[in-house]
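Just below is one structure, and these are the notes that go with it.
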Amino acid sequence: MRLTELFTKTSKTVPADETSKNAQLLIRAGYVHKEMAGVYAYLPLGLKVLENIKQIVREEMNTVGGQEIIMTSLQRKELWERTDRWDDKKVDVWFKSELQNGTPVGFGWSHEEPITDMMKNYISSYRDLPVRVYQFQTKLRNELRAKSGIMRGREFVMKDLYSYSRTEEEHQKIYDAVTEAYLKVFERVGLGDVTYVTFASGGAFTQFSHEFQTVTDAGEDIIYVSKEKNLAVNDEVYTDEVLRQLGLEKDKLEKVKAAEVGNIFSFGGAKSEQLGLYFADEDGTEKPVVLGSYGIGITRLMGVIAEHFSDEKGLVWPESVAPAKVYLIRLGDDNHVVKAADDLYSQLTSAGVEVLYDDRDDVRAGAKFADADLMGIPYRVVISNKTIADQTYELKARNKDTAQLVGEQELHRKLGLTKR
RNA sequence: CGGGGAGUGGCGCAGUUUGGUAGCGCACCGCGUUUGGGACGCGGGGGUCGCAGGUUCAAAUCCUGUCUCCCCGACCA
């Protein structure tokens, strides 16, 4: 992408009413636009990051046998009444409206009910199981108070996977597999070191659910981390009894703030019974399908990544999610500089390397460097009269302090260009 | 939902106390100089001062109502 064609621009100031670091940086760098409190639009660069995160999640979900679908935002009242979750007193984040004929509808804040109800059409025998389906959906939640930038919005993108199993044992296998897949996701987006499987309150069916908590000051949760065992306990279930059960020693735990980037839990057969999802087992008996639910807040994850990977100059995206791998700067508008930069741009692009090409003529070097830093693109390549005279390229990693002059071979190697 | 704060060109702000020609910085447009860490000079465009009503010769400024946003707290299957 050439910067002269990108409609967004960077800004030195942020809206005064935006206090969270992730939103400040993302707005300044032109990744997102704030439409209203807790509601953000994703601009070209922001969308790119979002899609990169989604693709990583998608790959991991496919690996554990997930099939991707997309449900609807409009939901039926009747469905939620069956699980007693339509009432505003039971679920206080509902957005509701009605059809022209007066039929009430809800805007999906979760999709457990509709998906499970839908699966009744497709699951009737043990031969149909297990099934895992997932989607990326915009959830709408009428939060009392939105905060923390894109980390807690009224409208946000979530990946939710649902598993349908014959037995508890089968369910447990899937549950464990998804747990591993989640850890892989957080590893791949660069948060592996600071993300912990966390024991949290489980609800009706199981004692615990498992959250994936990323340590960050921007988080809203308090967790107690055991580095030794590589797990954590949410403050909400932090009791002596629980610690004993989990074999944790109180004085070896570290209390930290964290953001919940994922949550998985088991429903057993309870919800299936409420919604009438049964299957005929091998012996012909009818049994409720064992249900599991697994979520990753995609936009929240993006916010957490932005918070975690940033410095005083701006964002510092991990390569796996960055909107581009290289920020290419050309200094000056001498013909041979322009040509050299154009050439490298098309060379990298055709090799499949995403490049943000700062081809602006009317912007001085300092501003280009500042923008490269703010946008947080992993590698910066500078082409100038100097580098051309030396037959080198100036290469600097966003997370390193110094640049180096490298030859063409070296550049290609560092940027991971595929040899042909 | 309780407490606190704020709404003035796209963004950041001053002006409100004491009513009297709407201003500054960034961004934008033009010209010139500049050109490796957010350049400078000159000229220019853009604002129903959140909205509605009221007081007044006159309202960004005073009064009443209302909407929105932010912060802290509560809430977050």
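Note on naming: letters A, B, ... go to the chains in the order of the sequence lines (proteins, then strands), and numbering restarts at 1 for each one.
Using N1 to N3 plus N6-O4 or O6-N4 for Watson-Crick, or N1-O2 and O6-N3 for G-U wobble, each under 3.5 Å, B/A6 pairs with B/U68. The nucleotide B/C1 finds its pairing partner in B/G73, both defining distances of the Watson-Crick or G-U wobble pair being shorter than 3.5 Å. Pair check for B/U17 finds none; no Watson-Crick or G-U wobble contact set falls under 3.5 Å. Base-pair partner of B/G30: B/C42 (Watson-Crick or G-U wobble, both distances under 3.5 Å).
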Provide a list of protein-nucleic acid N or O atom pairs under 3.5 angstrom, restricted to nucleotides 31-36 of chain B.
{"unit_1": "B/U34", "atom_1": "O2", "unit_2": "A/Arg364", "atom_2": "NH1", "d": "2.7"}
{"unit_1": "B/G36", "atom_1": "O6", "unit_2": "A/Ser384", "atom_2": "OG", "d": "2.0"}
{"unit_1": "B/G36", "atom_1": "N1", "unit_2": "A/Glu394", "atom_2": "OE1", "d": "2.7"}
{"unit_1": "B/G36", "atom_1": "N2", "unit_2": "A/Glu394", "atom_2": "OE1", "d": "2.2"}
{"unit_1": "B/G36", "atom_1": "N2", "unit_2": "A/Glu394", "atom_2": "OE2", "d": "2.8"}

Report each atom pair, protein N/O against N/O of nucleotides 74-76 of chain B, whose distance is under 3.5 angstrom.
{"unit_1": "B/C75", "atom_1": "O2'", "unit_2": "A/Asp92", "atom_2": "OD2", "d": "3.3"}
{"unit_1": "B/C75", "atom_1": "O2", "unit_2": "A/Arg152", "atom_2": "NH2", "d": "3.4"}
{"unit_1": "B/C76", "atom_1": "O2", "unit_2": "A/Arg152", "atom_2": "NH1", "d": "3.4"}

| Summary of protein contacts for nucleotides 7-16 of chain B, nucleotide by nucleotide, where a base hit scores B, a sugar-phosphate-only hit scores S (4.0 Å, heavy atoms) | ----BSS---
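For residues 58-79 of chain A, no pair satisfies ring-ring contact (aromatic ring centres under 6.0 Å, His included), with sequence neighbours left out. The salt bridge (charged side-chain N to carboxylate O under 4.0 Å, His left out) contacts involving residues 1-10 of chain A comprise A/Arg2-A/Asp342, A/Arg2-A/Asp359, where partners must be two or more places apart or lie in separate chains.
The nearest whole Å value for the distance from the CE atom in A/Met375 to the P atom in B/G37 is 19 Å. When the C1' atom of B/G37 is taken as reference, atom CZ of A/Arg398 falls 13 Å away, rounded to whole Å. Spacing between atom CZ of A/Arg360 and atom P of B/G38 amounts to 14 Å, rounded to whole angstrom units. Between A/His111 atom NE2 and B/A77 atom C1' the separation is 15 Å, expressed in whole Å. In this entry the distance linking CG of A/Asp88 with P of B/A77 reads 16 Å, nearest Å. When the P atom of B/A77 is taken as reference, atom CH2 of A/Trp80 falls 13 Å away, rounded to whole Å. Nucleotide B/G37 holds its P atom 15 Å from the OH atom of A/Tyr327, rounded to whole Å. The distance from atom NZ of A/Lys89 to atom C1' of B/C1 is 15 Å, rounded to the nearest whole Å.
The pair A/Asp343-A/Lys339 meets the salt-bridge criterion, since a charged nitrogen lies less than 4.0 angstrom from a carboxylate oxygen. Between A/Glu394 and A/Arg380 there is a salt bridge, since at least one side-chain N of the basic residue sits less than 4.0 Å from a carboxylate O of the acidic one. Looking at A/Glu241 and A/Arg244, a side-chain N of the basic residue comes within less than 4.0 Å of a carboxylate O on the acidic one, giving a salt bridge. Salt bridge annotation for A/Glu143-A/Arg141: absent, with no cationic side-chain nitrogen under 4.0 angstrom from a carboxylate oxygen. Ion pair A/Asp240/A/Lys250 flagged as a salt bridge, since at least one NZ, NE, NH1 or NH2 atom sits closer than 4.0 Å to an Asp/Glu carboxylate oxygen. Salt bridge status for A/Asp358 with A/Arg360: present, with a side-chain N to carboxylate O gap under 4.0 Å. A salt bridge links A/Lys48 with A/Glu354: at least one charged nitrogen is closer than 4.0 Å to a carboxylate oxygen.
Between A/Trp317 and A/Tyr31, the ring-plane angle classifies as tilted under the 30° and 60° cut-offs.
If you check every strand for non-hydrogen atoms under 4.0 Å, A/Lys9 touches sugar and phosphate atoms only. Looking at heavy-atom distances under 4.0 Å, A/Thr19 makes contact with sugar-phosphate atoms alone, never a base.
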| request: Please lay out, stage by stage, how A/Asp160 and A/Tyr134 fare under the test side-chain contact (heavy atoms from CB on, under 4.5 Å). | output: CA-CA 5 Å; A/Asp160 39 334; A/Tyr134 73 96; over 6 Å; no
| field | Derivation of the side chain to side chain donor-acceptor pair (under 3.5 Å) call for A/Glu168 and A/Gln172 | value | CA-CA 6 Å; A/Glu168 269 309 315; A/Gln172 194 57 45; over 6 Å; no
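Mapping A/Glu260 and A/Arg154 onto RNA chain B by nearest heavy atom places A/Arg154 closer to the 5' end of the strand. Position along RNA chain B of the nearest nucleotide to A/Glu236 versus A/Ser20 favours A/Ser20 as the more 5'-ward residue.
Residues A/Tyr164 and A/Tyr162 keep their aromatic ring centres 6.0 Å or farther apart. The ring of A/Phe199 has its center closer than 6.0 angstrom to the ring center of A/His210.
Here the CH2 atom belonging to A/Trp80 is positioned 11.0 Å from the CG atom belonging to A/Asp117, to the nearest 0.5 angstrom.
For the contact set between residues 25-46 of chain A and RNA chain B, defined by any heavy atom under 4.0 Å, the members are A/Arg28, A/Lys34, A/Ala37.
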